[in-house]
Peer 1: 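Encoded as structure tokens, here's the structure I'll be asking about.
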Amino acid sequence: MTTAPTKTDTLLSVRDLVVEFGAKGQTPFRAVDGVSFDVRPGQTVGLVGESGCGKSVTSLAIMGLLPKRGNKVAGSALYDGTDLLTLDDREMRDRRGRDVAMIFQDPLSSLNPVVSIGVQVAEVLQRHRGMKKAAALAESRDLLDRVGIPDPTRRLKEYPHQLSGGMRQRALIAMALACKPRLLIADEPTTALDVTIQAQILNLLKELVIDSGTALIMITHDLGVVAGLCDEVNVLYGGRIVETASRHEIFATPRHPYTNGLLGSIPRLDGARSEQLAAIPGSVADNIPWTTGCAFAPRCSRAIEVCRTEPPVLEQDPAAMEEHALRCHNPWPIDEGTRGPA
């Protein structure tokens, strides 16, 4: 497998990450299968794909939040030269929130329903920055104000159910930003929010990256989010990266049929009203093992015989003018552009 060249300013370097789930006596299921990518300070890297492709499991493995039993993690995740996957629970707790933070997908289930917002944000400051309670609450008020929550003094005393979905998400972002982490992982941070709040959350994350040089990993299935936020894009399918390139390269010349399918399923403002949305046939469960061939072959309109008999390798696209790697035996020709369904 071809991996990106090592850069001296890389903050996080994930190499050959593998995550398997399974009970004793059963064949393990490989949710993440050899994922590699780099993130630099001030850079936003996207992990894109349908539900079940391995995006969130990748982030949970990096954060050390996978269950202690029933899984096996291999590979490396070097953060500033330290492999996060080798740290014990105490060492990881010291780094989590201070150096590496995560914004979870569902704020209502991520926040403690019986503890006020102020106490939850202040707890991070007390744990990692050693602040006294009064000072931590004052800092929490400033954090809520920074992320755009109105009347932050009153919101400190309220509970998660008393806040709207957008404000709960902002409260999670405030907790993540409390210790000014150098790496932030956002797992579908705009899910279930209306488009106006989505835009506000994305602008907030963009300002964070620009102002503080924080490295951001954006996990999403929404290529509209990718277009407005990410610098580099990794498209995942079946636990493996199938295409990786810069944002502009991915949108200008998508080569993998799966990437084409994702792009083709986005509604266009300049399209006819009667035009139906394109859809990728089947589901993520319709695949074959990567050890046999291409996992996407059963859903791919460009599949040929070799796709079902020989695993494709992630390698540099010889037709690309810049770094653009894909895992495909029969990619779309560059001059044909986005073709809608896979």
Side-chain angles (χ1 to χ4, degrees), residues 1-21 28-41 43-50 52-66 71-87 100 102 182-187 215-220 226 230-247 249-250 254-256 258-259 287 289-291 294-296 311-318 320 322-329 331:
M1 180 178 62
T2 301
T3 55
T6 301
K7 299 179 176 65
T8 56
D9 61 345
T10 296
L11 179 63
L12 177 71
S13 180
V14 177
R15 286 292 176 271
D16 300 322
L17 179 65
V18 174
V19 180
E20 291 183 343
F21 295 99
F29 171 73
R30 184 164 288 194
V32 179
D33 192 1
V35 167
S36 299
F37 62 91
D38 291 331
V39 190
R40 301 190 300 277
Q43 181 187 37
T44 301
V45 173
L47 300 182
V48 183
E50 298 168 281
C53 68
K55 311 184 302 296
S56 294
V57 175
T58 297
S59 66
L60 292 175
I62 294 172
M63 292 291 294
L65 293 174
L66 290 173
N71 69 78
K72 179 181 178 181
V73 180
S76 64
L78 294 177
Y79 171 83
D80 206 17
T82 301
D83 189 355
L84 299 179
L85 304 185
T86 63
L87 300 181
V100 184
M102 185 168 179
R182 297 175 63 195
L183 175 65
L184 180 62
I185 301 175
D187 186 3
L216 175 63
I217 299 176
M218 172 61 71
I219 297 172
T220 182
V226 171
C230 296
D231 302 309
E232 294 185 5
V233 184
N234 297 289
V235 181
L236 278 76
Y237 188 83
R240 289 191 180 185
I241 293 176
V242 296
E243 186 164 13
T244 177
S246 69
R247 173 188 61 193
E249 180 76 5
I250 283 284
R255 299 275 278 139
H256 197 282
Y258 181 59
T259 309
N287 58 35
W290 281 111
T291 53
C294 176
F296 187 62
V313 177
L314 184 66
E315 56 189 0
Q316 174 68 22
D317 180 7
E322 57 180 79
E323 287 188 23
H324 187 161
L326 68 153
R327 187 190 304 273
C328 186
H329 292 301

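Computed from heavy atoms alone, side chains included, the values below leave out hydrogens, waters and symmetry copies. Residues take their numbers from the sequence shown, with the count starting at 1.
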Peer 1: Once rounded to the nearest 0.5 Å, what's the spacing between atom CD1 of I241 and atom CG of D33?
Peer 2: 11.0 Å

Peer 1: Apply side-chain contact (heavy atoms from CB on, under 4.5 Å) to P289 and list each qualifying residue two or more places apart in sequence or on a separate chain.
Peer 2: T291, T292

Peer 1: Under a 4.5 Å cut-off applied to non-hydrogen side-chain atoms, are Y258 and V235 in contact?
Peer 2: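 Sidechains of V235 and Y258: in contact.
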
Peer 1: Taking C-beta and beyond as the side chain, do L85 and L17 meet within less than 4.5 Å on heavy atoms?
Peer 2: yes

Peer 1: Quick one: list whatever passes side chain to side chain donor-acceptor pair (under 3.5 Å) with S56, sequence neighbours left out.
Peer 2: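 Result, side chain to side chain donor-acceptor pair (under 3.5 Å) vs S56: D187.
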
Peer 1: Restricting to side-chain contact (heavy atoms from CB on, under 4.5 Å), what partner residues turn up for P331, sequence neighbours left out?
Peer 2: R255, L326, C328

Peer 1: Determine the minimum heavy-atom distance between D38 and Q43, stating which atoms define it.
Peer 2: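 Looking at all heavy atoms of both residues, the closest pair is O-OE1, 4.0 Å.
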
Peer 1: Could you check if a side-chain atom of R40 sits within less than 4.5 angstrom of a side-chain atom of E232, using non-hydrogen atoms only?
Peer 2: yes

Peer 1: Quick one: does V45's side chain get under 4.5 Å of L12's, heavy atoms only?
Peer 2: no

Peer 1: List in chain and number order the residues that pass side chain to side chain donor-acceptor pair (under 3.5 Å) with R247, two or more places apart in sequence or in another chain; answer none if no residue qualifies.
Peer 2: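 Side chain to side chain donor-acceptor pair (under 3.5 Å) list for R247, sorted by chain: empty.
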
Peer 1: At their closest point, which heavy atom of P41 faces which heavy atom of A215, and how far apart are they?
Peer 2: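 Closest heavy-atom pair between P41 and A215: CA-CB, 4.2 Å.
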
Peer 1: Once rounded to the nearest 0.5 Å, what's the spacing between atom CD1 of I219 and atom CG of L60?
Peer 2: 7.5 Å

Peer 1: Is the F296 ring parallel, tilted or perpendicular to the Y237 ring (thresholds 30°, 60°)?
Peer 2: perpendicular

Peer 1: To the nearest 0.5 Å, how far apart are CZ in R327 and CD in E243?
Peer 2: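 Between atom CZ of R327 and atom CD of E243 there are 11.5 Å.
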
Peer 1: My understanding is that only residues two or more places apart in sequence, or in another chain, count here; which of them pass salt bridge (Lys or Arg N to Asp or Glu O under 4.0 Å) with E20?
Peer 2: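 Only R30 meet the salt bridge (Lys or Arg N to Asp or Glu O under 4.0 Å) criterion with E20.
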
Peer 1: With rounding to the nearest 0.5 Å, note down the distance linking CG in L216 to CG in L184.
Peer 2: 5.5 Å

Peer 1: Among residues at least two apart in sequence or on other chains, which ones pass side-chain contact (heavy atoms from CB on, under 4.5 Å) with F29?
Peer 2: A31

Peer 1: For S246, what residues pass the side chain to side chain donor-acceptor pair (under 3.5 Å) criterion, not counting sequence neighbours?
Peer 2: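 So S246 forms a side chain to side chain donor-acceptor pair (under 3.5 Å) with E322.
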
Peer 1: Can you name the nearest heavy-atom pair linking P254 to T259, along with the distance?
Peer 2: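 What the structure gives for the nearest pair is CB-CG2, 3.9 Å.
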
Peer 1: Once you round to the nearest 0.5 Å, how far does CE of M102 lie from OG of S59?
Peer 2: 3.0 Å

Peer 1: Residues two or more places apart in sequence or in another chain: which of them pass side chain to side chain donor-acceptor pair (under 3.5 Å) with T44?
Peer 2: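 Partners of T44 by the side chain to side chain donor-acceptor pair (under 3.5 Å) criterion come out as none, since no residue qualifies.
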
Peer 1: Are V100 and L183 close enough that some pair of their side-chain heavy atoms sits under 4.5 Å apart?
Peer 2: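 V100 reaches L183 side chain to side chain.
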
Peer 1: List the steps and the verdict of side-chain contact (heavy atoms from CB on, under 4.5 Å) for Y79 and I62.
Peer 2: CA-CA 9 Å; Y79 171 83; I62 294 172; over 6 Å; no

Peer 1: Taking all heavy atoms of V32 and all of G54, pick out the closest pair and write down the distance.
Peer 2: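 Closest pair (atom of V32, atom of G54, distance): CG2-O, 3.7 Å.
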
Peer 1: Considering all heavy atoms of both residues, which atom of T58 and which atom of L236 are nearest to each other, and what is their separation?
Peer 2: OG1-CD2, 4.5 Å

Peer 1: Apply side-chain contact (heavy atoms from CB on, under 4.5 Å) to residues L11 and V39 and explain how you reach the verdict.
Peer 2: CA-CA 6 Å; L11 179 63; V39 190; 5.6 Å; no

Peer 1: Any non-hydrogen side-chain atom of L78 less than 4.5 Å from a side-chain atom of R15?
Peer 2: no

Peer 1: With rounding to the nearest 0.5 angstrom, report the CZ to OG distance, R240 to S36.
Peer 2: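 Reported to 0.5 Å precision, the distance equals 11.0 Å.
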
Peer 1: So, for L47 and K55, which heavy atoms are closest and what is the spacing to 0.1 Å?
Peer 2: O-CD, 3.3 Å

Peer 1: Do V18 and K72 pass the side-chain contact (heavy atoms from CB on, under 4.5 Å) test, and can you show the C-alpha distance, the side-chain angles, and the key distance before you say yes or no?
Peer 2: CA-CA 8 Å; V18 174; K72 179 181 178 181; over 6 Å; no

Peer 1: Not counting sequence neighbours, which residues clear salt bridge (Lys or Arg N to Asp or Glu O under 4.0 Å) with D83? List them please.
Peer 2: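 Partners of D83 under the salt bridge (Lys or Arg N to Asp or Glu O under 4.0 Å) test: none.
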
Peer 1: So do the side chains of R182 and D80 get within less than 4.5 Å of each other, counting heavy atoms only?
Peer 2: yes

